[in-house]
Amino acid sequence: MTRQRRVLLDVIENSSGHLHASDLVRLAKERDERIDRATVYRTLSLLKRLGLVEELDLLHLDGSEHHYELRDRNSHVHIGCTGCGRILEFSTDLVERLDAQIRQKTRFQVDSIRIEVSALCTECQQRR
Ligand SMILES: [Zn+2]
Ligand SMILES: [Zn+2]
C-alpha cells in the first residue's frame with residue numbers, strides 16, 4: 001500500500017495538476033502495471049483522508065469527473081472559463097485569511113477550503 005501511495009503521489013506531483021482519476025489510473029499503470037483502477041480509487045480516498053490530496057470538481061466544466069491535486073501547493077483559487085473550459089490557478093492569501101477568520105470566529109478547525117470561480121477568459125470575451 002505504501003508503495004502504491006508513493007507512485008500515485010508522485011504521478012500527481014509531476015503532473016500539470018487537476019488530473020482526472022482516469023488519467024491517474026493510466027499514468028500510475030505506466031509506472032507499475034500491477035496498479036489497477038480499484039487500487040487508484042482506494043488510494044485516492046486514503047490520500048484525501050490523510051489530507052495530502054485535494055479533490056476538486058472545478059465547476060464540472062468538462063463533465064462529471066473530479067480532479068485531483070496535491071494539498072500542499074501554494075494556496076490558490078481556481079478560476080474556470082465557462083466559454084472554453086480552461087482552468088486558471090490564481091494565487092492569493094485570501095484562503096489563509098479566510099482560514100484564520102473562521103478559526104477565530106467559530107473555533108472550528110478547517111480541514112480544507114476550496115474556492116472555485118466561474119468566469120469568462122479574455123479570448124472568450126473577444127469571441128462574443
Ligand atoms: Zn475561455
Ligand atoms: Zn489547482
Side-chain angles (χ1 to χ4, degrees):
M1 191 64 192
T2 316
R3 203 184 43 76
Q4 292 155 350
R5 219 185 292 178
R6 219 177 309 123
V7 169
L8 207 56
L9 278 174
D10 204 50
V11 166
I12 298 173
E13 193 166 14
N14 289 303
S15 74
S16 51
H18 313 144
L19 288 176
H20 285 143
S22 50
D23 299 322
L24 293 174
V25 172
R26 185 174 42 80
L27 292 167
K29 254 192 155 72
E30 282 173 12
R31 300 197 184 201
D32 184 344
E33 56 186 16
R34 287 166 300 179
I35 297 180
D36 60 7
R37 196 184 142 84
T39 312
V40 168
Y41 279 83
R42 215 180 324 116
T43 310
L44 274 178
S45 83
L46 176 76
L47 293 172
K48 269 192 299 171
R49 275 204 311 280
L50 292 171
L52 296 169
V53 163
E54 189 84 76
E55 185 176 34
L56 312 159
D57 60 39
L58 298 179
L59 306 159
H60 289 304
L61 289 173
D62 63 350
S64 59
E65 264 201 287
H66 286 177
H67 303 251
Y68 298 87
E69 70 179 9
L70 289 190
R71 172 70 69 79
D72 67 356
R73 296 176 61 193
N74 345 341
S75 75
H76 57 270
V77 301
H78 293 100
I79 305 174
C81 176
T82 52
C84 62
R86 66 192 260 224
I87 299 289
L88 186 73
E89 292 195 329
F90 182 72
S91 293
T92 170
D93 66 352
L94 190 72
V95 183
E96 277 85 21
R97 278 162 46 208
L98 184 58
D99 184 2
Q101 281 178 25
I102 291 170
R103 247 185 301 126
Q104 199 183 6
K105 294 191 175 154
T106 69
R107 302 275 160 213
F108 274 47
Q109 189 192 325
V110 176
D111 292 326
S112 97
I113 296 176
R114 278 185 279 165
I115 300 175
E116 297 184 346
V117 179
S118 167
L120 207 56
C121 76
T122 43
E123 284 89 41
C124 288
Q125 289 171 48
Q126 278 156 14
R127 228 172 278 142
R128 297 205 167 177

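Here the structure is a predicted model, which is why all the values come from computation and not from measurement. Computed over heavy atoms, backbone and side chain alike; hydrogens, waters and symmetry mates excluded.
- The line from CD of Glu116 to CG of Leu56 is 6.0 Å long, rounded to the nearest 0.5 Å.
- Residues Leu120 and Gly83 approach most closely at CD1-N, 3.7 Å, considering heavy atoms.
- Between the SG atom in Cys121 and the CD1 atom in Ile79 there is a gap of 11.0 Å [rounded to 0.5 Å].
- The salt bridge (charged side-chain N to carboxylate O under 4.0 Å, His left out) check on Arg37 picks up nothing, with sequence neighbours excluded.
- Each of Leu59 and Leu88 belongs to its own hydrophobic cluster when Ile, Leu, Val, Met, Phe, Trp and Tyr are linked at side-chain heavy-atom distances under 4.5 angstrom.
- Counting heavy atoms of neighbouring residues, nucleotides and ligands inside a 6.0 Å radius, atom CZ of Phe90 does not exceed 12 of them.
- Ile12 places a side-chain heavy atom less than 4.5 Å from the side chain of Leu24.
- In the hydrophobic clustering of this structure, Leu52 groups with Val11; members are Ile, Leu, Val, Met, Phe, Trp, Tyr whose side-chain heavy atoms approach within less than 4.5 Å, directly or through other members.
- Residues forming a salt bridge (charged side-chain N to carboxylate O under 4.0 Å, His left out) with Asp10 (at least two apart in sequence, or on another chain): Arg31.
- In terms of the salt bridge (charged side-chain N to carboxylate O under 4.0 Å, His left out) criterion, Asp36 has no residue partners (sequence neighbours excluded).
- By the criterion of side-chain heavy atoms lying less than 4.5 angstrom apart, applied directly or through intervening Ile, Leu, Val, Met, Phe, Trp or Tyr residues, Ile115 is not grouped with Leu61; the two fall into different hydrophobic clusters.
- Side-chain contact between Leu9 and Val53 is present, with at least one heavy-atom pair separated by less than 4.5 Å.
- With hydrophobic clusters built from ILVMFWY side chains whose heavy atoms lie under 4.5 angstrom apart, Ile87 does not share a cluster with Val117.
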For residues 101-111, which side-chain N or O atoms pair as donor and acceptor with protein atoms under 3.5 Å away, sequence neighbours left out?
| unit_1 | atom_1 | unit_2 | atom_2 | d |
| --- | --- | --- | --- | --- |
| Thr106 | OG1 | Ile102 | O | 2.6 |
| Thr106 | OG1 | Phe108 | N | 3.1 |

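- We find the CG-CG distance between Asn14 and Leu27 to be 10.0 Å, quoted to the nearest 0.5 Å.
- Sequence neighbours left out, the pairs with a member in residues 44-63 that pass side-chain hydrogen bond (donor to acceptor under 3.5 Å, both in side chains) are His20-Asp62, Lys48-Glu55, Glu54-Arg71, Glu54-Ser112, Glu55-His66, Glu55-Tyr68, Asp62-His67.
- Panel note: side chain Thr92, backbone His76; no donor-acceptor pair is recorded below 3.5 Å.
- Separation of atoms CG (Leu44) and CZ (Arg42) is listed at 11.0 Å; rounding is to 0.5 Å.
- Annotation: the span from Leu58 atom CG to His18 atom NE2 amounts to 5.5 Å, rounded to 0.5 Å.
- Counting heavy atoms from C-beta on, the side chains of Arg34 and Gln4 never come closer than 4.5 Å.
- Partners of Glu123 according to the salt bridge (charged side-chain N to carboxylate O under 4.0 Å, His left out) rule, which considers only residues two or more places apart in sequence or in another chain, are Arg86.
- Distance check, rounded to the nearest 0.5 Å: CG of Leu98 to CD1 of Ile113 gives 4.0 Å.
- In terms of heavy-atom proximity, Tyr41 sits nearest to Ala21 at OH-CB, 3.4 Å.
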